[in-house]
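Predicted model, so just to flag it, every value in this text is computed and none were measured.
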Amino acid sequence: MAAVKKVAVIGFGYIGVGVVRALYEKGVNGLELVKVVDIDLKRKRPVKIPKSMLTDDWKSVVNDPEIDIIVELMGGIEPAKTIQMAALKAGKDVVTANKKMLASEGKDIFSLATKLGRHVGFRASFVGCHSLIHEFQQAGAATKKFKRIYAILNGTSNYILSTMTRDEKSFKEALKEAQEKGFAERDPSDDIDGNDTANKIRILVNLITNSYQKVPEFTVEGIRDITSQDIEYAAELGYAIKLVGVIEEMDDTFAVGVHPALLPEYSLLGSLEGAYNGTELEDEYGVISGLVAPGAGVYPTTDAVVKDLADIVEGRPMPMPTSKKALVLGSTADAERRYYLRFSVANHAGVLAQICNIFWKYNISIAGVIQKEPVSTKFVPIVMTTYLAKEKDMQEALREVDKLPMVKVATKLIRILSANT
């Protein structure tokens with residue numbers, strides 16, 4: 001029988017309480033919780049542990065030779081990074097839910113762990129999609145490669161967009177409801193501006209390429225500018241609007257981005273409701289698979305942490321980028337996809353013809369047009385969908401369109417994603 005691994009949890013907040021309860025009250029085979037670290041030891045928590053197990057001194061825990069594994073649940077960059085680095089240097093394995101720190105500082109963490117032969121478990125940084133992390137790692141092997149990954153990785157944004165669609169609410173109304181129900185923070189910027197999704201996409205790129213080098217910058221767009229009008233038109237066209245992280249194979253590397261997208265409303269991701277996460281991936285053989293699961297919460301996060309701990313105890317291989325090879329992303333300029341476009345133009349004859357002439361110049365074909373009765377005498381909304389067009393051609397065309405005197409505001413562009421595009 002393998003020796004019992006002694007565990008210390010650093011961070012006794014919302015998630016820390018769940019992990020402590022799982023380890024101390026319920027128990028996990030092969031694991032013994034021996035210390036819990038937090039700066040606030042007086043706050044009442046819904047789990048009781050002996051006072052002798054509590055401390056506010058993380059250094060004493062990290063330097064304790066009796067402790068085998070550090071579970072870091074503090075969040076933020078520092079002192080979380082310092083704690084993880086110190087734990088690895090002290091010969092300990094690390095488990096974390098800290099996606100922001102790994103996306104920013106993962107090179108230092110993973111390179112040190114690789115050098116020292118230690119493990120870093122980070123399933124909990126994905127929660128709703130953690131079961132696919134092992135499969136993502138295989139993408140770096142010769143036996144299996146992924147052509148594309150479309151992922152909804154932020155429950156807050158998905159809740160807001162679902163509420164706008166289902167209840168016909170504005171963005172502000174849906175955001176307020178999400179905050180009242182605890183699905184959105186008081187400052188939801190990281191969620192609604194796409195940064196949280198981007199952090200998770202960066203970690204996925206590291207896994208797929210097996211490189212721990214910092215992922216180069218890529219386009220990140222949020223959902224602040226999605227209107228009830230866009231939701232309505234998308235539904236009329238048979239689509240739902242979602243915030244999607246995209247990884248697509250391109251010229252022996254990957255093109256990456258985070259942005260709102262139209263997805264077929266009855267597809268796996270298009271039908272995803274509430275604060276759920278989901279991933280759809282297509283391998284090199286054209287086989288499409290996916291996963292849907294809660295995107296946040298104490299139980300799902302605790303479950304992910306415990307699974308990493310169990311892997312360490314049982315000696316199972318753990319997914320972690322281990323190579324220092326250079327990481328270069330492909331340009332999205334030549335990526336071909338379909339587009340949803342919403343124009344606000346003067347209510348004059350010939351406007352549509354002028355737009356179409358510019359599109360013809362850039363080899364952009366129109367798939368459909370929706371033109372409603374004018375909402376005022378000043379402007380009229382026109383919605384178009386296109387057939388496949390190159391990103392660079394679409395951007396150039398819109399720069400010309402938006403200079404037309406009858407175009408009142410910048411054209412709204414939302415990409416259309418599906419298995420066929």
Side-chain angles (χ1 to χ4, degrees), residues 148 150 194 218-244 246 248-251 255-265 267 270 330-421:
R148 65 172 180 86
Y150 296 160
F218 52 84
T219 300
V220 178
E221 300 171 9
I223 63 170
R224 289 181 189 266
D225 296 331
I226 299 298
T227 66
S228 302
Q229 196 176 27
D230 295 316
I231 297 285
E232 177 187 344
Y233 286 135
E236 191 169 335
L237 292 163
Y239 295 98
I241 299 179
K242 302 292 183 181
L243 181 65
V244 183
V246 177
E248 295 175 307
E249 184 184 40
M250 179 174 291
D251 298 328
V256 178
V258 173
H259 46 69
L262 269 68
L263 298 164
E265 59 183 339
S267 65
S331 170
T332 60
D334 290 323
E336 288 190 312
R337 63 178 82 259
R338 299 182 60 213
Y339 295 90
Y340 160 100
L341 306 166
R342 176 168 56 81
F343 307 91
S344 294
V345 300
N347 189 18
H348 297 154
V351 174
L352 188 57
Q354 291 188 57
I355 293 173
C356 289
N357 281 338
I358 292 174
F359 280 8
W360 174 81
K361 175 181 173 182
Y362 287 94
N363 198 33
I364 298 169
S365 298
I366 298 169
V369 178
I370 299 175
Q371 184 170 348
K372 302 287 189 180
E373 291 287 333
V375 295
S376 73
T377 58
K378 294 182 179 180
F379 72 92
V380 58
I382 299 175
V383 169
M384 288 183 185
T385 57
T386 73
Y387 289 109
L388 289 175
K390 288 186 177 182
E391 177 92 16
K392 63 182 179 183
D393 292 337
M394 177 57 66
Q395 297 293 350
E396 286 293 329
L398 290 185
R399 274 190 276 272
E400 287 197 28
V401 167
D402 288 345
K403 290 178 182 178
L404 294 173
M406 68 285 295
V407 175
K408 298 304 181 183
V409 297
T411 301
K412 171 66 70 65
L413 177 153
I414 306 178
R415 296 158 184 85
I416 299 175
L417 301 178
S418 71
N420 298 320
T421 61

To check you understand the geometry: which heavy-atom pair defines the closest contact between I416 and R337, and what is its length?
O-CB, 4.3 Å
Out of curiosity, Y239 OH to S267 OG, how far, rounded to the nearest 0.5 Å?
10.0 Å
For the side chain of T386 and the backbone of Y339, is there at least one donor-acceptor N/O pair under 3.5 Å apart?
yes
Stepwise, does the side chain to side chain contact (heavy atoms under 4.5 Å, CB included) test hold for Y233 with Y340?
CA-CA 10 Å; Y233 286 135; Y340 160 100; 3.7 Å; yes
Closest heavy-atom pair, A234 versus I241, reported as atoms and distance to 0.1 Å, is CB-CG1, 3.8 Å
Decide side chain to side chain contact (heavy atoms under 4.5 Å, CB included) for E400 and Y362; before the verdict, give the C-alpha distance in whole Å, the side-chain angles of both, and the deciding distance to 0.1 Å.
CA-CA 11 Å; E400 287 197 28; Y362 287 94; 2.6 Å; yes
Is there a side-chain contact between L417 and L262 in this structure, where contact means two heavy atoms from C-beta onward sitting under 4.5 Å apart?
no
Measuring only between side-chain heavy atoms, which start at C-beta, is F359 closer than 4.5 Å to M384?
yes
Of the non-hydrogen atoms in L243 and G194, which two are nearest, and what is the gap between them?
CD2-CA, 4.1 Å
Taking the side chain as C-beta and beyond, is there a heavy-atom pair between L413 and M394 under 4.5 Å?
yes
Step-by-step side chain to side chain contact (heavy atoms under 4.5 Å, CB included) determination, V383 to E236
CA-CA 11 Å; V383 169; E236 191 169 335; over 6 Å; no
Mind checking whether I382 and V345 have side chains closer than 4.5 Å, heavy atoms only?
yes
Short N-O contact, K242 and E265, less than 4.0 angstrom:
no
Could you pull out all donor-acceptor pairs under 3.5 Å where a side-chain atom in residues 402-412 meets a protein atom, sequence neighbours excluded?
{"residue": "D402", "atom": "OD1", "partner": "T411", "partner atom": "N", "Å": "3.2"}
{"residue": "D402", "atom": "OD1", "partner": "T411", "partner atom": "OG1", "Å": "2.6"}
{"residue": "D402", "atom": "OD2", "partner": "T411", "partner atom": "N", "Å": "3.4"}
{"residue": "K412", "atom": "NZ", "partner": "D225", "partner atom": "O", "Å": "2.6"}
{"residue": "K412", "atom": "NZ", "partner": "D230", "partner atom": "OD2", "Å": "2.8"}

If you measure from CD1 on I364 to CD on E396, what distance do you get to the nearest 0.5 Å?
10.0 Å
Heavy-atom closest contact (I414 atom, A261 atom, distance):
CG2-CA, 3.7 Å
Nearest heavy-atom neighbours spanning A255 and T332:
CB-CG2, 3.8 Å
Among all residues two or more places apart in sequence or in another chain, which pass the side-chain contact (heavy atoms from CB on, under 4.5 Å) test with K392?
A333, D334, K390
Less than 4.5 Å apart, side chain to side chain, heavy atoms only: is that true for V246 and R148?
no
Apply side chain to side chain contact (heavy atoms under 4.5 Å, CB included) to residues C356 and I366 and explain how you reach the verdict.
CA-CA 8 Å; C356 289; I366 298 169; 3.3 Å; yes
In short, A367 meets R338 closest at the heavy-atom pair CB-NH2, 3.8 Å
Stepwise salt bridge (charged side-chain N to carboxylate O under 4.0 Å, His left out) test for R415 and E221:
CA-CA 11 Å; R415 296 158 184 85; E221 300 171 9; 3.6 Å; yes
Is any side-chain heavy atom of P381 closer than 4.5 Å to a side-chain heavy atom of F343?
no
